[in-house]
Each structure stands twice: as structure tokens, then as C-alpha cells.
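Below is one structure, written out as C-alpha cells, with a few remarks after it.
Treat the numbers as computed from the prediction; the structure is a model and nothing was measured. In what follows, every chain begins at residue 1, and chains take the letters A, B, ... in the order their sequences are listed.
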Protein chains: 2
Amino acid sequence: MKLSGGVEWALHCCVVLTAATEPVPAARLAELHGVSATYLAKQLQSLSRAGLVHSVQGKAGGYVLTRAADDITVLDVVEAVEGPQPTFVCTEIRQRGPMATPASACTAPCAIARTMYAADRAWRAALREVSVADLSRMVGTDYEGDVLGQLGQWLRTVD
Amino acid sequence: MKLSGGVEWALHCCVVLTAATEPVPAARLAELHGVSATYLAKQLQSLSRAGLVHSVQGKAGGYVLTRAADDITVLDVVEAVEGPQPTFVCTEIRQRGPMATPASACTAPCAIARTMYAADRAWRAALREVSVADLSRMVGTDYEGDVLGQLGQWLRTVD
DNA sequence: GAGTGGATACTCGGATAGGATCTGTCCGAGTGTCACCGG
DNA sequence: CCGGTGACACTCGGACAGATCCTATCCGAGTATCCACTC
């Protein structure tokens, strides 16, 4: 029950893209965060497949957020990278063994599955309440100085 | 982000142990649920290490709940099998790269980590609200007939 | 000087190895039970 | 008939392979840019 490490990278990238005014290449994002460029590219591909970011090819290409940062929740990013599958999968072991309950009596999930599903919903609800724009605002207030502004400026500088 | 399959087995075993009046061997629990006996034993060892169940060796040995089912939460079982590690680990990538924020400004977790930790807390809180006794009661009301009574009787029968 | 064509350099995308964790299995250590033997 | 002793059978516990998923990497497909050439 450990979240993939790529989730953290993807979230940071989304926040950074908030401060960008033009497409940002994956290599640039990797350099900024000091992580593997090729592996980060894989995460960004996941975001692209999920429709959270739009990729533009060519010389001045890169990634751009497809919609407003307020309309992208943290849950969207997590599900894009991690997959939409639930954290708990019930294998219906109550229908196995010598004391198996008949399938006709198994219309509703069992008590254990209900409990796990409820916890899963609570987790997702907490992630859905926060948007990428919220994260961006938090970053802005956490530190002194215009961090996001400096970030946008660094993205525009050529090396 | 997928929960280990052994969690489901462990939870079912805890509910079954509620209906038992004497130690139940791992092999018996495996037969009841129709799962691998050796692998289930591994999960029960985790429960034993966590102090949720007490193991008695010898001929009439097996596993017994150490405390009242009301005092064992679902979270206890999940953490026993899955480990107490949080679902999200922050690698502090904000301190890396050319725009790294100095370590002196990183006294509090970053916005992303805070959000993920909050979701983790919500998930754990939902699991903590339900006890094994609650599960047992739910199972009793879900189906017609005294399912737990039949279960206890089956456990006492020798094959 | 303006337009056009092509070469170029840069970007993303999917297919490809390596490592770690989860799943599943095995055999040895420990203990209560039972039968047997002696008093 | 009762107590002691020994062997036994049954249990758990940790050490050992196999499978699956995560991590990391590479090379090919596609496109906007730039430059040279022509009109």
C-alpha cells in the first residue's frame, strides 16, 4: 500500500506548469526538479493520456495544462498516474470453502468490502477537495518572495 | 496503490475468530476460506507480531484474539499486515535542482505533502471507526440465520 | 526583397531491460497430548 | 489403580523460490523552425 513515487513528481510538475506561459519540455521539468528526465517523461505521458495536459511537438514544444488549474483536482493527477483502480479489491472469498454463502445471497458487497470501500471514498474525497490551483496558492503563501514568478522566469530563460 | 490481498484474508480470519471459543489452527482457517494454507499462515504471523492474536503451539494449538473484538479496529489489522508506513512519502524534491529552496525554509512539509498526508489521515480515520466486533455484527445482520453460530459449530467439528 | 522548398534540430510516444516488492512454498523448532510402563 | 516417562503428532515461526509490478532507459515518429535558393 505505497503510492508510486511518480505521483509526487507529477503533482510538482502540474504546479510548475501553472506558472508557465508557454509549453515546457519534459527535459526542462526534469532539470528543474533534479530527477531522471526519461522517467519523468513517462509520468507526463500518463498525464497526457488522461487529458490533463496537452503535448505540443516540434522545436518549441512541451506540455501545457489543458484546462484551468482550478478544474484539476489532486485526485485527477493521482488517478492519472496511479490508475483509476480502487485500493481494495474484494475476491469474494465468502463464496468459497465448505461454509460458502450461496451466490444468490451475495447481491451486496460484504461488510469487510463495504468498510474498505468507505475508507477508499474518504481518501479520494480528501484528494478531490484540493485543486492544483489551491496547491499553487499554498506554495505562494508558504515562502517569502514571489516563488512562482521566479519559477516562470526561470522556465523562460534559455540555457 | 493497491492494497495487499492478504488484508482481506486477515480481516475475514479476525471475524471468524470472533465466533471461536478455542484456538483455531491456520490450516483450518485456510480450509474454511478456500485459500492457500501456507500463505495464510504468513498473514497470521503478521497479526501475531502486531499483538492482535495470540498463538498457542502444540496439538490443540492455533490462534486466539488477544483482546475483545471491540478493541480491535480494522486499521489495526490493515497496519499489521501492510505495515505502518504511510501511503505517501515525500522525497523533498523542492530542495533539489537549480531553483532549490534552502533547507532552512523547509521546516514544514510542502503543500503537496500536506494534502497527501491529510488524505492518508482521512483513510485511516475511516478504518479506525470500524471494529472487528462491528464487522461481526454486520455479518450477523446481513444474512438470514445464525451464520456466526454455524461458523463456530463448524470450527468445533473434527474432520 | 519575398516566397518556397528542404534539411535540421528538437519534441513526444511507445517498446524495451533491471530491480524491488508481493505472492506462494518449504522445512525446522517448540509444545501439548497420548500411550505405555512401573510402582 | 495411579503416577511418571517417553515418543509422537500437531502447531507455529522464519528462511527460501517465483511472479508481478514499479523504476529506469532507449530509440523511432512527428513537427515547427531555420536557412538557402529561386523568382
Side-chain angles (χ1 to χ4, degrees), chain A residues 1-10 13 17 20 22-31 33-64 66 78 80-83 85 87-89 91 93 155 158-159, chain B residues 1-10 13 17 20 22-31 33-64 66 78 80-83 85 87-89 91 93 155 158-159:
Chain A
M1 183 63 177
K2 194 175 144 293
L3 215 48
S4 165
V7 171
E8 184 185 6
W9 298 8
C13 285
L17 286 179
E22 45 191 28
V24 183
R28 200 108 237 262
L29 289 169
E31 181 192 359
H33 292 120
V35 299
S36 161
T38 51
Y39 187 38
L40 179 62
K42 200 166 182 50
Q43 315 302 338
L44 292 170
Q45 283 171 30
S46 298
L47 294 181
S48 178
R49 262 192 294 266
L52 299 181
V53 300
H54 177 65
S55 67
V56 293
Q57 283 192 338
K59 187 151 189 171
Y63 290 97
V64 191
T66 48
V78 171
V81 174
E82 201 71 17
Q85 60 205 345
T87 59
F88 179 81
V89 284
T91 60
I93 66 178
L155 289 176
V158 289
D159 41 4
Chain B
M1 184 63 176
K2 192 176 145 291
L3 215 48
S4 165
V7 172
E8 184 185 6
W9 299 8
C13 285
L17 286 179
E22 45 191 25
V24 183
R28 200 108 236 264
L29 289 169
E31 180 192 0
H33 292 119
V35 298
S36 161
T38 51
Y39 188 39
L40 179 62
K42 201 166 181 53
Q43 314 302 338
L44 291 169
Q45 283 170 31
S46 298
L47 295 181
S48 178
R49 261 192 295 265
L52 299 181
V53 300
H54 178 64
S55 67
V56 294
Q57 282 190 339
K59 187 152 189 173
Y63 290 97
V64 192
T66 48
V78 170
V81 174
E82 202 70 16
Q85 59 204 348
T87 58
F88 180 82
V89 285
T91 60
I93 66 178
L155 288 175
V158 290
D159 41 1

To the nearest 0.5 Å, tell me how far A:Cys13 SG sits from B:Ile93 CD1.
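Those atoms lie 7.0 Å apart.
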
Tell me which nucleotide among [options] gets nearest to the side chain of [X].
X       : options                : result
B:Thr38 : C:dC12, C:dC26, C:dT31 : C:dC26
B:Trp9  : C:dG24, D:dT11, C:dT25 : C:dG24
A:Tyr39 : C:dG13, C:dT25, D:dT25 : D:dT25
A:Arg49 : D:dT11, C:dG14, D:dC26 : C:dG14
B:Gln45 : C:dT33, D:dG13, C:dC10 : D:dG13

Margin query: Categorize A:Ala26 for me: base, sugar-phosphate, or nothing, with a 4.0 angstrom heavy-atom threshold over every strand shown.
Written below: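 Counting heavy atoms under 4.0 Å across all strands, the contact made by A:Ala26 is with sugar-phosphate only.
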
Worksheet item: How close do A:Ser55 and A:Tyr63 get, heavy atom to heavy atom, and via which atoms?
Response: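 What the structure gives for the nearest pair is CB-CE2, 3.7 Å.
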
Is [X] reaching over with its side chain to a backbone N or O of [Y], donor-acceptor style, under 3.5 angstrom?
X       : Y       : result
B:Thr66 : B:Gly51 : yes
B:Gln43 : B:Ala10 : no
A:Gln85 : B:Lys2  : no

Pair of N/O donor and acceptor under 3.5 Å linking C:dG32 base with B:Gln57 side chain:
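Checked by distance alone, the answer is no.
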
- Message: By nearest heavy atom, map B:Lys59 and A:Leu40 onto DNA chain D; which one lands nearer the 5' end?
- Response: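 Counting from the 5' end, the first nearest nucleotide belongs to B:Lys59.
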
So, OP1 or OP2 of [N]: does either fall under 4.0 Å of a side-chain N or O from [X]?
X       : N      : answer
B:Ser36 : C:dT25 : yes
A:Ser48 : C:dC12 : no
A:Tyr63 : C:dG13 : yes
A:Ser55 : C:dG13 : yes

Rounded to the nearest Å, what distance is computed from the [atom1] atom of residue [X] to the [atom2] atom of nucleotide [N]?
X      : N      : atom1 : atom2 : answer
A:Met1 : D:dC22 : CE    : P     : 13 Å
A:Leu3 : D:dC22 : CG    : P     : 11 Å
B:Lys2 : C:dC22 : NZ    : P     : 10 Å

With DNA chain C as reference, determine whether B:Gly6 or A:Lys42 sits nearer its 5' end, using the nearest nucleotide of each.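 Result: A:Lys42.
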
Q: Return the 5'-most residue of the pair A:Ala41, B:Gln85 with respect to DNA chain C, ranking by each residue's nearest nucleotide.
A: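 Upstream on the strand: A:Ala41.
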
